[in-house]
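To start, the structure under review is shown below, and the notes come after it.
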Amino acid sequence: MEYQAIDFSVQDGYAQITLNRPEKLNAINTQMRAEITHAVRDVSQNHESLGARALVLTGAGRGFCAGQDLGGQGSVATMDLERVLRDEYTPMLRAIVDCEVPTVAAVHGAAAGAGANLALICDVVIASESAYFMQAFTRIGLMPDAGGTFMMPRLAGNAKAMGAALFAEKISARQADDWGLIWEAVSDAEFDAHWKARAAHLGAGPSGAYYALKQAIRATWDNNLDDQLALEAKLQGKCGKSRDFQEGSVALFEKRPAAFEGR
Ligand code: T3D
């Protein structure tokens, strides 16, 4: 697929999807959804041949993403929101959740509406200090979607999820960090170097263990304790047979950094 609404690259052991409609604050249209879905599936299925043990989502220009492309006055009246969410957003969000490598949203500037929820569904969110997250939906007479009603209560709790949805205010990166919505907020000056270093760290990591822990942590939302303990045993059993575990434990006793091969 030839990408137009995103840029795609691989470097330092990680793949990068850059939402690339900066003149619209990277608002998401049908084409962008299709391209993100395709690129995420490509990374998930071909991460070994691509040499990518992590996937970063970021935005071009002055913000991460302003959510659904509202397309100017008039066009919203003809949108079939149920169809778009079911047929276009759901496969994209599913691809991100199911991706076999860790997904990182590197967020600067605005992350609004579906743009906020696109970030929040990633495994790790790193935000620059001046970034903000906004459940903008009620400002335009909608309710949160794109996984927002799933992720927000789980990450920040019911009280914060309700307030964020009802008041649709900007949640600063620091606030998001305090609420547990994101992994970390870093100074604007350090942001670029910082998320790239984080991505490169994952890019040199034990990708089999990463995939296993992703499956376990996602499954805990549905499992009871016994199911979760059984799943941990099964997944850890696999990790225990990996070359990366051998290397990691030898490196520990040799007091040197592990050189993981991935899997
Ligand atoms: O199934 C479905 O289709 C429904 C799914 C819905 C999911 C959703 O995401 S609904 C929520 C959609 N998003 C929003 O409501 C947010 C709309 N944007 C804003 O409120 C503001 O742009 C921001 C607060 C995010 C940022 O404000 P600011 O002042 O930094 O930037 P700006 O000047 O408003 O925007 C810059 C440009 O981007 C501007 O274009 P212009 O005037 O320079 O030509 C603006 O029109 C454009 N833009 C911003 N958001 C969108 C957009 N264009 C299309 N769609 C947008 N969502």
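Remember, it's 1-based here, ligands and their atoms both numbered in the order they're listed. Keep in mind that what you see is a predicted model, and the values were worked out from it rather than measured.
When each atom of ligand 1 is checked for a heavy atom of F137 under 4.0 Å away, the hits are 7 (C), 8 (C), 9 (O), 10 (S). Taking every non-hydrogen atom of L81 and a distance limit under 4.0 Å, the qualifying atoms of ligand 1 come out as 1 (O), 2 (C), 3 (O), 4 (C). Proximity to K24 (heavy-atom distance under 4.0 Å) selects the following atoms of ligand 1: 38 (O), 48 (N), 52 (C), 53 (N). Near G67, meaning under 4.0 Å from any of its heavy atoms, are these atoms of ligand 1: 9 (O). Within ligand 1, counting atoms from 1 as listed, the ones closer than 4.0 Å to a heavy atom of Y132 are 23 (C), 24 (C), 25 (C), 26 (C).
At a heavy-atom distance under 4.0 Å, only backbone atoms of E23 (N, CA, C or O) approach ligand 1. When heavy-atom distances to ligand 1 are checked against a 4.0 Å cut-off, K170 has no atom that comes that close, whether in backbone or side chain. Proximity of A27 to ligand 1, defined as any heavy-atom pair under 4.0 Å, is confined to the side chain (atoms from C-beta onward). Residue contacts with ligand 1, taken as heavy atom pairs separated by less than 4.0 Å, do not involve I28 at all.
Distances shorter than 4.0 angstrom occur between a heavy atom of M134 and an atom of ligand 1.
The side-chain heavy atoms of E169 and M134, taken from C-beta on, include no pair separated by under 4.5 Å. By the 4.5 Å heavy-atom criterion applied to side chains, W195 and V104 are not counted as neighbours.
Using cut-offs of 30° and 60° for the angle between ring planes, the H108 and F191 rings count as tilted.
In terms of polar-atom proximity, defined here as any N/O pair under 3.5 Å, A136 makes no such contact with ligand 1. Polar contact with ligand 1: present for A114 (N/O pair, distance under 3.5 Å).
By the neighbour-count criterion of 12 heavy atoms within 6.0 Å, atom CD of E23 is densely surrounded, having more than that number from other residues, nucleotides or ligands.
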- Taking it one step at a time, do Q228 and E232 satisfy side-chain hydrogen bond (donor to acceptor under 3.5 Å, both in side chains)? CA-CA 6 Å; Q228 192 66 18; E232 284 181 359; 4.7 Å; no
- Task: Apply side chain to side chain contact (heavy atoms under 4.5 Å, CB included) to Q68 and N29, showing your working.
- Result: CA-CA 6 Å; Q68 169 66 27; N29 59 12; 5.9 Å; no
- Task: Apply side-chain hydrogen bond (donor to acceptor under 3.5 Å, both in side chains) to Y210 and E100, showing your working.
- Result: CA-CA 8 Å; Y210 291 159; E100 291 198 14; over 6 Å; no
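A salt bridge does not link D12 to K196: none of the charged nitrogens lies less than 4.0 Å from a carboxylate oxygen.
Of the options R21, R62, M79, the smallest heavy-atom separation from atom 31 (O) of ligand 1 is shown by R62.
Residues E88 and T90 bring no donor and acceptor atom of their side chains to less than 3.5 Å of each other.
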